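As the structure is a computational prediction, the values presented were derived from the model and not from experiment. Basis for what follows: all heavy atoms, side chains included, without hydrogens, waters or symmetry-related copies. Protein chains get the first letters and strands the later ones, always in sequence-line order, with residue 1 at the start of each.
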2 protein chains.
Amino acid sequence: MTSRPPRPRERGIPEATVARLPVYLRALQALQDRGTLTVSSEALASAAGVNSAKLRKDLSHLGSYGTRGVGYEVEYLVYQISRELGLTQDWAVAIAGIGNLGRALANYGGFGTRGFRIAALLDADPAMVGQSVASLDVRHIDNLEDVVRSTGVSIGVITTPAASAQGVATRFVQAGVASILNFAPVVLNVPDGVDVRKVDLSIELQILAFHAQRRADGDGRDAERAGLELM
Amino acid sequence: MTSRPPRPRERGIPEATVARLPVYLRALQALQDRGTLTVSSEALASAAGVNSAKLRKDLSHLGSYGTRGVGYEVEYLVYQISRELGLTQDWAVAIAGIGNLGRALANYGGFGTRGFRIAALLDADPAMVGQSVASLDVRHIDNLEDVVRSTGVSIGVITTPAASAQGVATRFVQAGVASILNFAPVVLNVPDGVDVRKVDLSIELQILAFHAQRRADGDGRDAERAGLELM
DNA sequence: ACGTGCTTGTGAAAGCATGCACAAAGTGGG
DNA sequence: CCCACTTTGTGCATGCTTTCACAAGCACGT
Ligand SMILES: NC(=O)c1ccc[n+]([C@@H]2O[C@H](COP(=O)([O-])OP(=O)(O)OC[C@H]3O[C@@H](n4cnc5c(N)ncnc54)[C@H](O)[C@@H]3O)[C@@H](O)[C@H]2O)c1
Ligand SMILES: NC(=O)c1ccc[n+]([C@@H]2O[C@H](COP(=O)([O-])OP(=O)(O)OC[C@H]3O[C@@H](n4cnc5c(N)ncnc54)[C@H](O)[C@@H]3O)[C@@H](O)[C@H]2O)c1
């Protein structure tokens with residue numbers, strides 16, 4: 001490809017940066033709770049577990065919110081990041097699949113604190129429908145479209161068994177939900193423009209196992225083996 | 001630590017590849033269940049939701065396990081990836097914090113199927129200790145060291161409240177657990193050589209919110225605005 | 001008003017990751 | 001045995017991320 005079409009190059013915050021903003025936000029809120037007024041990139045970076053140059057570059061994408069010689073004003077930065085992430089508005093979330101995991105999520109208090117409100121619970125099991133979980137009635141999945149429309153849901157969380165996940169995802173999309181968080185161990189197929197993120201515990205464990213095995217293989221004879229094997 | 005030893009450039013599989021291997025593995029196992037014997041990079045890539053060139057490059061890091069003109073033998077590839085990920089051995093997992101989430105994990109059947117065995121449950125609440133969850137006795141967190149030693153735990157999962165997570169992590173590390181999966185919304189501080197992965201639902205939702213807001217901002221006047229803003 | 005000391009914001013370099021495109025290598029039919 | 005066809009494995013170009021290193025900017029004390 002030589003002449004790359006004009007590519008309007010939307011005001012872009014790099015994806016890697018977006019993924020770290022919530023981490024900074026949390027660290028900042030902890031500082032705020034402790035009454036700290038300003039913080040240096042060094043201190044905030046250390047609280048967030050990243051390199052300070054990276055932190056500064058990340059924040060520079062949002063604008064110039066620091067003061068040289070001083071640092072960043074905590075409260076102002078909290079506001080700027082919140083705004084950038086869209087947390088100054090309220091997001092209604094629906095959870096589909098009220099089993100072990102769905103119930104844990106529904107009962108979890110930590111979401112409401114940050115702009116997310118669980119607005120609907122959906123399940124296919126007639127025995128489940130009508131029950132009250134975390135002060136919400138579980139509705140039948142067949143009512144998905146209605147529920148989404150009437151409660152203004154814009155984020156869908158899928159905690160159904162793997163076999164049902166694609167179907168639920170498709171229905172979410174058809175109902176106008178363009179942001180999906182998927183816990184089922186399947187690759188979801190959705191149209192362009194729909195944003196799917198997955199949380200997959202099995203995968204995380206497998207990655208841990210890979211590194212653990214690496215460590216175990218090498219222990220003691222690491223240097224020698226690595227050296228030899230390259231010859 | 002800091003003083004990077006010569007680093008003999010260990011036979012390295014890129015981290016991005018490692019993170020995808022479990023996805024390929026799952027897709028392959030689905031094919032296997034359907035009785036498929038061989039699969040092309042194109043087909044497997046599509047099942048795994050990635051580009052086929054990427055898939056081939058990923059697999060090439062494990063060795064040359066394909067046959068040109070034919071594809072990959074499913075069973076053989078399953079074995080090779082499993083071996084590379086360390087799934088041919090058994091990993092004993094301990095869960096600390098048997099609340100909403102810890103219980104959901106403990107009751108989840110999907111781990112055992114892939115080399116992971118939940119070997120111990122730990123909690124600090126006296127009312128919880130002694131109860132039986134998923135056919136395991138909940139032990140008191142004070143026994144962490146004993147439990148880790150006696151059950152051979154090598155992976156620790158943390159589902160305690162945020163405030164307790166660092167303490168539990170430190171104790172896991174001191175007991176010799178060098179792989180930790182953390183669900184609590186805090187940045188854990190651990191010595192070098194210890195591998196921590198985090199699963200953070202709040203962060204995932206916030207990333208979804210960011211993109212959702214982007215879409216909403218731009219809708220309708222996207223093209224014009226993007227173009228104009230660059231001038 | 002000016003110098004000192006600290007910290008930000010950002011070029012520039014190096015390191016990773018992605019995806020194209022194609023030669024090399026295998027299969028199967030004639 | 002050879003040819004047409006398929007699909008792998010990988011060199012290369014491109015773009016994204018991280019990190020270094022330092023000039024520019026600001027606060028504060030004198
Ligand atoms: N529980 C865990 O710790 C855990 C861990 C990792 C992954 N997961 C994954 O999360 C998902 C849920 O796990 P779980 O343990 O809660 O399972 P579960 O069986 O306890 O719950 C699943 C729920 O989904 C409902 N359901 C089934 N089909 C549905 C449909 N079409 N529409 C709406 N609801 C439907 C069921 O009635 C049930 O209530 C699974 O895909 C699982 O693989 C769970
Ligand atoms: N439940 C969810 O859906 C969800 C979602 C996102 C994040 N999280 C995070 O996961 C963690 C657990 O969430 P939860 O909803 O299960 O909380 P929970 O309060 O239901 O359970 C926490 C459990 O940890 C135990 N505990 C406290 N201190 C301990 C210690 N020092 N050692 C061992 N156990 C200890 C408590 O006794 C309790 O049983 C929290 O950090 C939470 O922020 C949970």
Undergrad: Under the criterion side-chain contact (heavy atoms from CB on, under 4.5 Å), I'd like the reasoning laid out for A:R197 against B:I203: C-alpha separation, chi angles, the key distance, then a yes or no.
TA: CA-CA 11 Å; A:R197 297 191 64 87; B:I203 288 184; over 6 Å; no
Undergrad: Provide, to the nearest angstrom, the distance between the OH atom belonging to B:Y65 and the C1' atom belonging to D:dT7.
TA: 19 Å
Undergrad: Identify each atom pair where a protein N or O and an N or O of nucleotides 11-13 of chain D are less than 3.5 Å apart, giving names and distance.
TA:
residue : atom : partner : partner atom : Å
D:dG11  : O6   : B:K57   : NZ           : 3.1
D:dC12  : N4   : B:K57   : NZ           : 3.2

Undergrad: List in chain and number order the residues that pass side-chain hydrogen bond (donor to acceptor under 3.5 Å, both in side chains) with B:Q29, two or more places apart in sequence or in another chain; answer none if no residue qualifies.
TA: B:R114
Undergrad: Is it true that a side-chain atom of A:T159 and a backbone atom of A:A96 form a donor plus acceptor pair closer than 3.5 Å?
TA: yes
Undergrad: Nearest whole angstrom, please: distance from the C1' of C:dT8 to the CG of A:L77.
TA: 13 Å
Undergrad: Taking only heavy atoms on the protein side, list every residue of residues 16-38 of chain B lying under 4.0 Å from any atom of DNA chain D, sorted numerically.
TA: none
Undergrad: What is the distance, to the nearest angstrom, from the CG atom on B:D58 to the P atom on D:dG9?
TA: 12 Å
Undergrad: Determine, step by step, whether A:R56 and A:E42 satisfy the salt bridge (Lys or Arg N to Asp or Glu O under 4.0 Å) criterion, reporting the C-alpha distance in whole Å, the side-chain angles of both residues, the deciding distance to 0.1 Å, and the verdict.
TA: CA-CA 9 Å; A:R56 287 198 299 277; A:E42 197 66 57; 5.2 Å; no
Undergrad: Atom CD of B:E73 to atom P of D:dT8: distance rounded to whole Å?
TA: 14 Å
Undergrad: Do the side chains of A:Q166 and A:L188 get nearer than 4.5 Å, heavy atoms only?
TA: yes
Undergrad: Do you know which two heavy atoms are closest between B:L55 and B:S41, and how far apart they sit?
TA: CD2-O, 3.2 Å
Undergrad: With a 4.0 Å heavy-atom cut-off, tell me which residues in residues 42-55 of chain A come close to DNA chain D, sorted by residue number.
TA: A:N51, A:A53, A:K54
Undergrad: For A:Y76 and A:Q80: C-alpha separation, side-chain torsions, deciding distance, then whether side chain to side chain donor-acceptor pair (under 3.5 Å) applies.
TA: CA-CA 6 Å; A:Y76 186 56; A:Q80 290 298 341; 3.1 Å; yes
Undergrad: Report yes if the side chains of A:L201 and A:F183 come closer than 4.5 Å at any heavy-atom pair, otherwise no.
TA: no
Undergrad: To check you understand the geometry: which heavy-atom pair defines the closest contact between A:V177 and A:S154, and what is its length?
TA: CG1-O, 3.6 Å
Undergrad: What is the distance, rounded to the nearest whole Å, between atom CG of B:L59 and atom P of D:dT10?
TA: 12 Å
Undergrad: Which heavy atom in A:A212 sits nearest to a heavy atom in B:S179, and how many Å separate them?
TA: CB-OG, 3.7 Å
Undergrad: Can you name the atoms? Protein N/O to nucleotides 24-26 of chain D N/O, anything below 3.5 Å, with the distance.
TA:
residue : atom : partner : partner atom : Å
D:dA24  : N3   : A:R68   : NH1          : 2.8
D:dG25  : N2   : A:G69   : N            : 3.4

Undergrad: Can you check nucleotides 28-30 of chain C for protein contacts, nitrogen or oxygen pairs under 3.5 Å, and list what you find?
TA:
none

Undergrad: With rounding to the nearest 0.5 angstrom, report the CG to OG1 distance, A:L77 to A:T38.
TA: 11.0 Å
Undergrad: Could you go through B:Q174 and B:T170, starting from their C-alpha distance and side-chain angles, then the distance that decides it, and tell me whether this counts as side chain to side chain donor-acceptor pair (under 3.5 Å)?
TA: CA-CA 6 Å; B:Q174 277 169 355; B:T170 303; over 6 Å; no
Undergrad: So, A:E75 side chain and A:Q32 main chain: donor-acceptor pair closer than 3.5 Å or not?
TA: no
Undergrad: With the side chain counted from C-beta on, respond yes when A:F210 and B:L87 share a heavy-atom pair under 4.5 Å apart, and no when they do not.
TA: no
Undergrad: Is B:S41 close enough to D:dT7 that one of its side-chain N or O atoms is under 4.0 Å from OP1 or OP2 there?
TA: no
Undergrad: For A:V50, is there any backbone N or O sitting under 3.5 Å from a side-chain donor or acceptor partner on A:R20?
TA: no
Undergrad: Please check the phosphate of C:dG9 (OP1 and OP2 only) for any side-chain N or O of A:Y72 closer than 4.0 Å.
TA: yes
Undergrad: Does the side-chain contact (heavy atoms from CB on, under 4.5 Å) test come out yes or no for A:E73 and A:Y65, once each step is laid out?
TA: CA-CA 8 Å; A:E73 201 204 320; A:Y65 297 140; over 6 Å; no
Undergrad: Find the distance B:R56:CZ to C:dT18:P and express it as a whole number of Å.
TA: 15 Å
